Amino acid sequence: QVQLAESGGGLVQAGGSLRLSCAASGPSFSGYTMAWFRQAPGKERELVAVTYWIGSRIYYVDSVKGRFTISRDNAKNTVDLQMNSLKLEDTAIYYCAAAYRKPGSPRPDNYDYWGQGTQVTVSS
């Protein structure tokens with residue numbers, strides 16, 4: 001059993017930066033593919049970035065490439081999402097998700113555990 005807790009959301013002006021953090025409790029964190037999803041009002045949950053449990057593979061959705069960076073620290077059981085050059089369309093609830101020994105996937109049902117989410121609001 002893994003519990004995930006996100007932090008770091010908030011209100012930021014367009015062009016600004018935020019850093020989200022997800023702390024995981026439970027064993028075998030290094031065996032989990034870790035992902036950040038987001039969900040805006042009226043839209044489906046969307047994969048933003050994922051870091052695989054093996055091979056150091058990382059994937060970003062096209063809309064955040066060059067602006068967002070996902071990183072994990074297996075010693076601290078954390079995965080962060082550094083978000084730069086934020087745009088209005090980045091406004092959403094951001095969720096941390098974990099999949100045990102599975103590849104990354106844009107399908108939410110691929111993931112075994114979810115955090116409660118943290119709100120990110122980008123204003124003009």
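Bear in mind that the values here come from a model prediction, so they are computed numbers and not experimental data.
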Does any N or O in the side chain of Tyr111 come within less than 3.5 Å of the main-chain N or O of Ser105, such that one atom is a donor and the other an acceptor? yes
In Å and rounded to the nearest 0.5 Å, what is the CG to CZ distance from Asp112 to Arg101? 12.5 Å
In chain order, what residues pass the side-chain contact (heavy atoms from CB on, under 4.5 Å) check against Ser7, with sequence neighbours excluded? Ser21
Applying a strict under-4.5 Å side-chain criterion to I, L, V, M, F, W and Y, I'd like to know whether Leu86 and Leu11 cluster together. no
Do Arg57 side-chain atoms and Tyr52 backbone N/O form a donor-acceptor pair below 3.5 Å? no
Taking atom CD of Gln13 as the centre, report whether more than 12 heavy atoms of other residues, nucleotides or ligands fall under 6.0 Å from it. no
Spell out, as yes or no, whether a donor-acceptor pair under 3.5 Å connects the side chain of Glu6 to the backbone of Gln116. yes
Going by heavy atoms in the side chains, are Leu47 and Val61 under 4.5 Å from each other? no
About how many Å separate OG1 of Thr121 and CG of Leu88, when rounded to the nearest 0.5 Å? 11.0 Å
If you count every heavy atom of other residues, nucleotides or ligands that lies below 6.0 Å from Gln3 atom CD, does the total exceed 12? no
Of all heavy-atom pairs linking Ala40 and Ala92, the shortest is N-CB, 3.8 Å
Heavy-atom nearest pair, Arg67 first then Ser85, reads NH1-O, 2.9 Å
Looking at side-chain heavy atoms only, is the closest gap between Trp36 and Val79 below 4.5 Å? yes
Pick from Thr118, Val120, Thr91, Val64: which one makes a side chain to side chain contact (heavy atoms under 4.5 Å, CB included) with Arg38? Val64
Taking the side chain as C-beta and beyond, is there a heavy-atom pair between Leu20 and Met83 under 4.5 Å? yes
I need the Thr69 OG1 to Ile58 CD1 distance, nearest 0.5 Å. 8.5 Å
Inter-residue atom distance Lys87.NZ - Ser63.OG, 0.5 Å rounding: 8.0 Å
Gap separating the OG atom of Ser28 from the CG atom of Asn77, nearest 0.5 angstrom: 9.5 Å
Once you measure the plane-to-plane angle for Tyr94 and Phe68, does it fall in the parallel (<30°), tilted (30-60°) or perpendicular (>60°) bin? tilted
CZ (Phe37) and CZ (Arg107) are apart, to the nearest 0.5 Å, by 10.5 Å
Considering non-hydrogen atoms only, spot the tightest contact between Gln1 and Pro27 and give its length. O-CD, 4.0 Å
State, to 0.1 Å, how close Ala99 and Asn110 come at their nearest heavy-atom pair, and which atoms those are. CB-O, 3.6 Å
With no hydrogens and no angle check, do the side chains of Asp80 and Gln82 hold a donor and an acceptor under 3.5 Å apart? no
Clusters formed by hydrophobic residues whose side-chain heavy atoms approach within less than 4.5 Å: which one holds Trp53, and what are its other members? Ile54
Student check: side-chain heavy atoms of Cys96 and Trp114 closer than 4.5 Å: no
Residues forming a side-chain contact (heavy atoms from CB on, under 4.5 Å) with Ala49, sequence neighbours excluded: Tyr60, Ile70, Leu81
